[in-house]
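First up is the structure itself, then whatever we jot down about it.
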Amino acid sequence: MIPRLERLRGLLLAAALFVLPLVFWPWARDAYSVVKDAGLAVYGLAALALWLATGRPGLAAWPVWHRVALGGWLAWAWLRVPGAADLGSALLEAGAWTLGAAAAVGALGLPERDRRRALHALLLSTVLASVLGLAQGLFGMTFLAPYAVDQRSVTFTSERVFSTFGNPIFFAGHLIVVIPLALVAALAAGPSGPRWLARAALGLALAALALTASRGAVLGLAAGGVYLMSASPALRRRTWGWAAGAALLAAVVGLLQPGLLLHLAARGDPGRVVMWKTAARIWSRAPLLGAGTGQFGCRYPCAQLEVATPTDAGYGVNAIHAHNEYMEMGAQLGWPGLVLFAVALLGWLALRASSLRARAAQAAVAALAAQALFSFPFHVSPTHAEAWLLPSLFLVGDESPAVARTARWAVRDLVLSGLLLVAAVLCCRPLVRSSYLQWAQAYEDARGFRPAAAYLLKAARVLPDDAQTRLS
């Protein structure tokens, strides 16, 4: 019975890594994040329940101090939910972070066969997402859906691709997480099929990353690459080859899409300075407690008036995020939340890596940590989940064998699993209803599908929450 549950757990995590990057809904406010978090809940919570039922394998290999840091950050985030001015956003953010950590715990202690299966699923999904992104670069953004990108955004150009992520920044964040793992898998000895899959994922992901024109992601990938090469003499010997390949790729992309190089060199979002100043102002009001989980967006307009003038670039833009995760964490959770988050994130880099693949997982974390200086990868899916899930799969070893269990499962573990599932449902209900209303409104406004909108609105009435507030 137990071996079957272990195999099922491996399949669930492989399915999560395959589905999450590919789940797509045309961008209607938060819908792109909603559907990806829903997939994470379906697969991640089920994997966590099976991990508990099979004796919590692999837990001993995860250092206690790091577990305390991650758990402390999540606990602090939940403590800062009560009393929030926008309760829906607070529950959404704390719930999403908890789902990502739950999936990471559910991935502990898997046998090597299931780890390879999860890696191959991630590489295959990245191949498909990259192909779609390249198709958008060739045929235009409407290749996927005519209403997939919010045209009001000033940072979008017709050349930047987003694949199934609704935003070039989010797509780029996923790519820089996968590229180090794909690189190591492409160089590793083994069956030709998976190695060719890794090579295809590596080449397509690099090409798609160039078409996203995300400066933060490029800097993040550079940080991850330096970290990975510092750990491997074999990779260091190829440094000039990597640099020459990157220069050639940039030259080809520049010839085909000059607007991308112009964006990287001269355009961008000059309003980010105002975002950072506003985030600092929000943080200064409550340096210890912060404004509360998920409250950055609702506090932003008033705080912006105190630090910016109408002549500043970006003035009047109601930013939802600070485009700097560390400042936003401090603004929302204060110094305790920021310190715990930094220890939990950067703590992966302090763990012992027993293989080059484990180093690649750490390089992926380093890449996201650097991108977080200019973006918000821990507020979108699937990157916020991958930051915890991939290291737990490929870095935390499976030296601790699974504890043998009889058919008499531990009642404590099953009760805990049930409570986690109930908590997730409660957190997802406001999210689901809000997304239903948003999707219905998007279809009604953009395509005129009034019968479909009416149906969705009727279904949404069953779920009570703050949907009207979010729409307004």
Side-chain angles (χ1 to χ4, degrees), residues 10 13-14 17 57-70 100-101 103-123 126 173-190 194-195 198 201-202 205 220-239 242 341-372 377-378 383-401:
L13 291 166
L17 290 172
L59 186 62
W62 190 5
V64 175
W65 66 266
H66 193 256
R67 281 184 266 162
V68 170
L70 181 56
V105 174
L108 291 172
L110 281 177
E112 178 59 25
R113 177 193 60 190
D114 288 327
R115 294 180 186 217
R116 288 197 302 268
R117 178 183 293 145
L119 177 60
H120 296 160
L122 179 66
L123 294 176
T126 302
H174 169 72
L175 293 175
I176 64 174
V177 168
V178 177
I179 286 173
L181 289 165
L183 173 63
V184 168
L187 297 175
R195 193 163 64 245
L202 178 61
L221 183 60
V226 169
Y227 183 91
L228 184 58
M229 285 187 289
S230 68
S232 171
L235 292 180
R236 283 201 300 272
R237 286 195 294 269
R238 305 189 185 195
T239 300
W242 307 132
F341 169 74
V343 172
L345 175 62
L346 301 178
W348 290 122
L349 307 181
L351 303 188
R352 183 181 65 87
S354 58
S355 67
L356 190 56
R357 187 181 63 183
R359 284 289 186 187
Q362 289 178 313
V365 172
L368 272 188
Q371 188 203 20
F378 293 92
T383 50
H384 79 81
E386 290 169 343
W388 318 117
L389 179 56
L390 295 180
S392 70
L393 265 173
F394 304 121
L395 176 61
V396 178
D398 59 346
E399 295 86 358
S400 301

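All heavy atoms count here, side chains included; hydrogens, waters and symmetry mates do not. If you're wondering where the values come from, they're calculated on a predicted model, not measured in any experiment.
Every residue two or more places apart in sequence or in another chain that forms a side chain to side chain donor-acceptor pair (under 3.5 Å) with Arg357 is listed here: Glu112. Gln362 meets the side chain to side chain donor-acceptor pair (under 3.5 Å) test with Tyr227, Arg359; sequence neighbours excluded. Applying the side chain to side chain contact (heavy atoms under 4.5 Å, CB included) rule to Pro391 yields the partners Trp348, Val365, Leu395; only residues at least two apart in sequence or on another chain are considered. Evaluation of the side chain to side chain donor-acceptor pair (under 3.5 Å) rule for Thr126 yields His174 as partners, not counting sequence neighbours. Remark: Ala121 engages Ala14, Phe18 in a side chain to side chain contact (heavy atoms under 4.5 Å, CB included) (not counting sequence neighbours). Judged as a side chain to side chain contact (heavy atoms under 4.5 Å, CB included), and not counting sequence neighbours, Ala342 has no contacts. With sequence neighbours excluded, the residues satisfying side chain to side chain contact (heavy atoms under 4.5 Å, CB included) with Val105 are Leu48, Trp51, Trp62, Leu108. Applying the ring pair (Phe, Tyr, Trp, His ring centres under 6.0 Å) test to Phe341 and every residue at least two apart in sequence or in another chain returns Trp73, Phe378.
Note that CG of Leu390 is 6.0 Å distant from CG of Leu17, once rounded to the nearest 0.5 Å. Taking CG of Leu122 as the reference point, atom CD of Glu386 lies at 6.0 Å (rounded to 0.5 Å).
Each of Val68, Leu351, Val396 was evaluated against Pro63; a single residue qualifies, Leu351, per the side chain to side chain contact (heavy atoms under 4.5 Å, CB included) test.
Between the Thr383 side chain and the Gly173 main chain, no donor and acceptor come within less than 3.5 Å of each other. At least one donor-acceptor pair under 3.5 Å links the side chain of His66 to the backbone N or O of Ala344.
In plain terms, the two heavy atoms of Leu346 and Ala369 that are nearest each other are CD2-CB, 4.0 Å. Minimum heavy-atom separation, Ala103 to Leu389: O-CD1, 3.4 Å. Heavy atoms only, all atoms of each residue included: Ala69 and Val343 are closest at CB-CG1, 3.6 Å. For the residue pair Ala104 and Ser392, the shortest heavy atom distance occurs at O-OG, 3.0 Å. Contact record, Ala363 with Leu228: CB-CB, 3.9 Å, taken as the closest heavy-atom pair. Across Leu70 and Ala101, no two heavy atoms sit closer than the pair CD2-CB, 4.3 Å.
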Validation: residues 178-187 side-chain donor-acceptor distances under 3.5 Å, sequence neighbours left out:
none

